[in-house]
Amino acid sequence: MSTVQTVKGPVEAEELGVVLIHEHLRFRDEAVAAEWPDRYDEQAELDAALQAVDAAGSRGVQTIVDPTAMFGGRDVRFMARVSEQTGVRVVACTGIYSYDYLPHYFENRDVDVMAEHFVADLQSGVQGTDIKAAFLKCAADAAGVTEHVEKIHRAVARASVQTGAPIMAHSMPAVETGPRQVEIFAQEGVDLARVQIAHCGDTDDVSYIEGLIDRGVYVGLDRYGLEMFLPIDKRNATAAELLRRGHAERMMISQDYCATIDWFPPEAEQVFESQGAIRNWSMTLVFDEVIPALRDQGVLDDQAFHTIFVENPKRWLTA
Ligand SMILES: [Zn+2]
């Protein structure tokens, strides 16, 4: 029986239960937060995380996979507090969330040294704790797979090959980063069955998504509520078509919700909501709207639900 590392220690994979595969307990720039801590309200951040995770728990979620990496303000102690107080398991990652920028520290060290940092997080513990990361994270966005982004992808890939840890890669379907990301992982010898290409659900181009599935990777339909990328009904139509084509075993559904995020001033959330850029974005939207809609369309039965929310996360996390 294989185990999975959570922020409260290892658990049997069978115990993970219903999993939300892509949610952030908090998202902020660690450099800004370190330099100007008085601009952040830690208690409010904790309260928001507790509220979001409790709400998810009330819908039956037993485990949340939180892909907050470097530059997202990863903080495994914060995650452990939220997990402790809510009783919901939290799975943490290692890696670098950058669309291009790399600190000089990593710019002037090679790929294998970068990989060593990730391996240490997976095998020894994160941020001076004995909390181990369970998976690897990297990102490619509008700028595409730049030199720095490629370096991060190769380091993540080598750490995966060395440790067997799975990979989650933020992608941008609008500029079709996915195939190139998969190609890099394949070149490095990664088992593509351990790779998840996040944010595929930002497009309704089913053949693009199917092209990735054909490589053997998981696809994340994981940004429900972020209407600025694709509205919920189009996301559902894409999910329904993938289910009809028999791809349940490669689909991950989530919201990429951030209980708090410092990218915009606090008043922006209401503006986004009123302008329709986000709609009902939360850690429960999938349960409140998406699953009922897919059930109504006759494409999601109990078996498919179990595949997507229980079996796929477990299989991805454990090989
Ligand atoms: Zn995310």
Side-chain angles (χ1 to χ4, degrees), residues 7 19-30 33 45 48-49 52-53 56 61 63-76 78-79 82 88 90-101 118 126 133-143 149 152-153 156 166-175 177-178 181 195-203 212 217-230 232 235 251-264 268-269 272 277-286 290 309 312-313 316-317:
V7 295
V19 178
L20 273 175
I21 202 73
H22 194 136
E23 309 295 334
H24 300 276
L25 303 190
R26 178 171 71 184
F27 206 103
R28 64 186 203 179
D29 187 287
E30 60 254 40
E45 289 171 340
V53 173
V61 173
T63 302
I64 289 175
V65 174
D66 183 336
T68 308
M70 183 180 181
F71 298 137
R74 181 180 64 151
D75 181 346
V76 292
F78 181 85
M79 292 180 191
V82 173
V88 175
V90 176
V91 176
C93 75
T94 183
I96 301 178
Y97 176 81
S98 172
Y99 299 165
D100 185 50
Y101 170 73
F118 302 154
V126 176
F135 67 104
L136 292 140
K137 177 78 186 291
C138 55
D141 203 84
V149 164
I152 297 166
H153 277 62
V156 156
I167 297 171
M168 182 193 292
H170 165 113
S171 74
M172 189 173 192
V175 293
T177 60
Q181 293 172 281
V195 171
Q196 180 180 165
I197 302 297
H199 312 330
C200 292
D202 286 356
T203 182
L212 292 170
V217 303
Y218 293 92
V219 293
L221 311 180
D222 49 17
R223 276 178 153 177
Y224 272 99
L226 292 175
E227 306 281 284
M228 70 260 281
F229 299 116
L230 201 69
I232 293 171
R235 290 179 187 275
M251 294 164 64
M252 301 286 202
I253 294 183
S254 210
Q255 296 127 157
D256 199 7
Y257 182 66
C258 304
T260 53
I261 181 165
D262 72 349
W263 284 14
F264 306 97
E269 184 170 343
F272 286 153
I278 57 175
R279 186 168 77 73
N280 296 341
W281 192 41
S282 72
M283 242 179 244
T284 61
L285 173 63
V286 154
V290 175
F309 290 95
N312 291 354
W316 174 68
L317 281 165

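Residue numbers count from 1 along this sequence. When reading the values below, keep in mind they use all heavy atoms of this one structure, side chains included, and skip hydrogens, waters and symmetry mates. Just follow the structure's listing: the first ligand is 1, and inside any ligand the first atom is 1.
Side-chain atoms of Ser282 and Gln255 include no donor-acceptor pair closer than 3.5 Å.
Rounding to the nearest 0.5 Å gives a distance of 11.0 Å between CD1 of Ile261 and CG of Asp29.
Test Arg28, His24, Arg74, Glu23 against Thr68 for side chain to side chain donor-acceptor pair (under 3.5 Å) and you get one pass: His24.
Within the 3.5 Å criterion, the main-chain N or O of Leu25 finds a donor-acceptor partner in the side chain of Asp66.
Here 3 is the count of protein N, O or S atoms positioned under 2.8 Å from the Zn ion (ligand 1), waters not counted.
You'll find the side chain of Leu136 reaches within 4.5 Å of the side chain of Thr94, heavy atoms only.
For Trp316 and Phe135, the ring centers sit closer than 6.0 Å to each other.
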